[in-house]
Amino acid sequence: HVPLEQANILRFAFDIATAHYKWRLEPNDIRPANPDRQLTNDFHITRDENSSRSTSKQGSSQLSNSNTTSQPSNIPVGLDLMFGVLNSKLEHLSSALSQERAKRLEEFRELYREGNSKRAYACLNTLRQDPDWDVFDKPLQAQILQALAGYVLSTEQNLERARTLADQAYAIDPESHNTVLTTLLVYYSEGPEAALNQMAPPFNVDSFNLQLALLLELRRSDEVIARLDAAIDGLELDAETDRIHALALLDKGDIVGAQVKIQQACYKKPTWKKIQIAAAVINYNSVLSPILSRYSLDLPRPIDWSFILQDAESLQKLRNSASVFQRLASESEQNESQRHYWQEWYLACLANDPERQVEARNLCQTLLAQDPTNPHIIAWVTTRNYDIDLTASQHALEALVVSSQKDLEQILCLVEIYLSLHEARKALQLLDRAKEQFDEAGYSEVWLFWHIQSLLSQGELETALD
């Protein structure tokens, strides 16, 4: 039996530990999410069949009028919206030449889905530069141009060029209006909410998947699941549908349901890159204690060892995920921000594996040498107590905080460093100076949490309990 006073202290400590993890996972966390939306965003080479012809006159002219200055909010785990733009089945091509080229277009779509985006783009350009281009059927010409537009949106986020290609497609074949591409142009210019609001009701699996992915990016997972339950009769759901469904279930805390759905997706399309990624993310989350109730769709946040399952099966899943993220980080097709993103997922796997702590520490040191102020890496260092000198990070952050007291992420990162160095007084002083900024931004609870952490670090238990 534990004395009442001690029990209260233990309960308080448990609440602090779970709050620490929960804060790091909040959807509206002030820490940055994935800049490339790697997990929820996955569609840019898509199929938009000719059943949208009745709305085609809205197409090209409206695309050129969209706002070009704003960008979608950065939310995690990938809306690769490109799949829909390269998916048209083009069943009514008249010439044998066009039919043969259309088969190649389908092959290029599969290349993209398997992660060979540069090769897919080169092949699309080969089709566009084909000496027989002028004798291709008009619908095929339009589809190739729309596929190219989807690619430049997905990989380059070049709105102007994508609109030019979409306009060219519309001029060649006004009846080829692509609902998915239109939605994507709004997505990249005005964000997911605007794209969802202007989107017509889904009429095929690709437009349906796009609608689900937009809802998932907005973290409206209840709606994703509800729309899947009420899917149109006769709509043939595919592996991409299963992938989005799995991530929505993960977001709702249903880890078992997420595992079942992603296994179905893997069975249908084991070589699709985004399905492999989703499986790795779900496997990573499966090793976290169910007591946490919320799982990570974004970059995973540090977590105490007591909330990590360490049986043989769980560790094997964690190591399988680590292999996927390590491969992604080393792929030549990744740009610098994507490489850093997958390196941080790889680090999370290493840092949660009791037998790979040396590797985790060395990777932290490498990544901090590249960016001493990286908040995710600093958080892992301080949480795992890795023997790494954070002096360079401390000085860089102190200079940044002095120059701009408004960056809450930098302030909290510096607080974590102070606490790791047992300089709780500095942490409290910094938090006191920044309290107004936290209140104005709506993060009073976040401020209170770290204030309590600092008081505990300074030994002021009674003040913290109050």
Side-chain angles (χ1 to χ4, degrees), residues 21 24-25 29 31-42 74-78 80 114-115 117 247 250 258 262 266 272-288 295-305 307-310 313-388 393 413:
Y21 181 69
R24 293 185 186 278
L25 285 183
D29 196 330
R31 296 193 171 184
N34 165 25
D36 299 296
R37 294 178 295 281
Q38 294 288 341
L39 289 187
T40 52
N41 304 341
D42 267 332
N74 290 333
I75 301 292
V77 284
D80 185 357
E114 291 176 350
S117 57
L247 291 173
L250 178 67
I262 201 60
C266 289
W272 283 10
K273 179 178 177 180
K274 294 298 179 181
I275 288 176
Q276 294 172 356
I277 291 171
V281 169
I282 290 168
N283 276 335
Y284 172 88
N285 281 281
S286 72
V287 309
L288 306 184
Y295 298 101
S296 177
L297 292 180
D298 303 317
L299 279 173
R301 309 308 194 212
I303 179 174
D304 188 83
W305 285 111
F307 297 115
I308 300 172
L309 305 180
Q310 297 183 31
E313 182 181 359
S314 296
L315 288 177
Q316 187 58 54
K317 288 180 180 179
L318 189 64
R319 289 162 188 170
N320 291 342
S321 295
S323 297
V324 172
F325 297 133
Q326 184 181 33
R327 172 173 55 81
L328 289 167
S330 64
E331 284 181 353
S332 60
E333 294 210 355
Q334 304 286 0
N335 61 38
E336 186 175 1
S337 66
Q338 290 170 332
R339 267 194 301 276
H340 288 164
Y341 180 76
W342 296 123
Q343 281 176 327
E344 292 184 28
W345 267 102
Y346 177 50
L347 170 60
C349 294
L350 296 180
N352 286 341
D353 189 330
E355 297 178 15
R356 304 187 74 178
Q357 292 305 288
V358 174
E359 292 176 77
R361 178 218 173 266
N362 292 342
L363 182 55
C364 283
Q365 193 159 40
T366 298
L367 296 176
L368 281 178
Q370 298 169 4
D371 179 8
T373 65
N374 186 313
H376 303 105
I377 310 305
I378 291 171
W380 282 111
V381 171
T382 57
T383 302
R384 288 288 179 267
N385 293 316
Y386 292 141
D387 181 22
I388 294 177
S393 298
C413 202

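What you see is a predicted model, and the numbers here were worked out from it, not measured in a lab. Excluded from the calculations below are hydrogen atoms, water molecules and symmetry mates; all remaining heavy atoms, backbone and side chain alike, are included.
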Mind checking what makes side chain to side chain contact (heavy atoms under 4.5 Å, CB included) contact with Gln276, not counting sequence neighbours? Arg327
Gap separating the CD atom of Gln343 from the OG atom of Ser330, nearest 0.5 angstrom: 9.5 Å
Heavy atoms only: give me the nearest Ala258-Ile282 pair and the separation to one decimal. O-CD1, 3.8 Å
Per the side chain to side chain contact (heavy atoms under 4.5 Å, CB included) rule, which among Asn352, Asp353, Leu315, Leu318 passes with Ile308? Asn352
How long is the straight-line distance from CD of Glu344 back to CG of Leu299, given to the nearest 0.5 Å? 5.0 Å
Flag side-chain contact, heavy atom, 4.5 Å: Val324 against Trp345: no
Nearest non-hydrogen partners of Ala322 and Arg356, listed with the distance: CB-NH1, 4.0 Å
Note: Leu367 and Leu347 closest approach over all heavy atoms is CD1-CD2, 4.5 Å
Taking every non-hydrogen atom, the tightest pair across Ser314 and Leu309: OG-CB, 3.5 Å
May I ask you to test the Tyr346-Leu328 pair for a side-chain heavy-atom distance under 4.5 Å? no
Please enumerate all residues that pass salt bridge (charged side-chain N to carboxylate O under 4.0 Å, His left out) together with Glu313, with sequence neighbours excluded. Lys317
The criterion is salt bridge (charged side-chain N to carboxylate O under 4.0 Å, His left out); which residues satisfy it with Glu114, sequence neighbours excluded? none
Is it the case that Arg361 places NZ or CZ above or below the six-membered ring of Trp380, under 6.0 angstrom from the centre and within 45 degrees of the axis? no
